[in-house]
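Sequence positions, counted from 1, serve as the residue numbers for this chain.
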Amino acid sequence: MAKAKDKRSDSDEWKKEVEWSFIGGKQVRIKKLQTIEGIPNDEFIEQNADSIWLHQHGMVKRLLI
């Protein structure tokens, strides 16, 4: 006999990753920005990483010496 498909438990997961907005009079889904402690990822890394790590990963245009 064929197995019955399980209900997807991921249906609630995508709801956490998107926000709804109106564009051109229609409601659309937009992916949320990823954040760490309420701060966007790039900004959090720039605030908490040392200058050498940032330079090695190409995130700083100029090192302050």
Under 3.5 Å, which donor-acceptor pairs do the side chains of residues 32-42 form with other protein atoms, sequence neighbours left out?
| unit_1 | atom_1 | unit_2 | atom_2 | d |
| --- | --- | --- | --- | --- |
| Gln34 | OE1 | Asn41 | ND2 | 3.2 |

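Distance check: Gln56 CD to Ser51 OG gives 9.5 Å after rounding to the nearest 0.5 Å. With rounding to the nearest 0.5 Å, the separation of CD in Gln27 from CH2 in Trp20 is 5.5 Å.
Proximity of Ile45 to Trp53: side-chain heavy atoms (C-beta onward) are separated by under 4.5 Å at one or more points.
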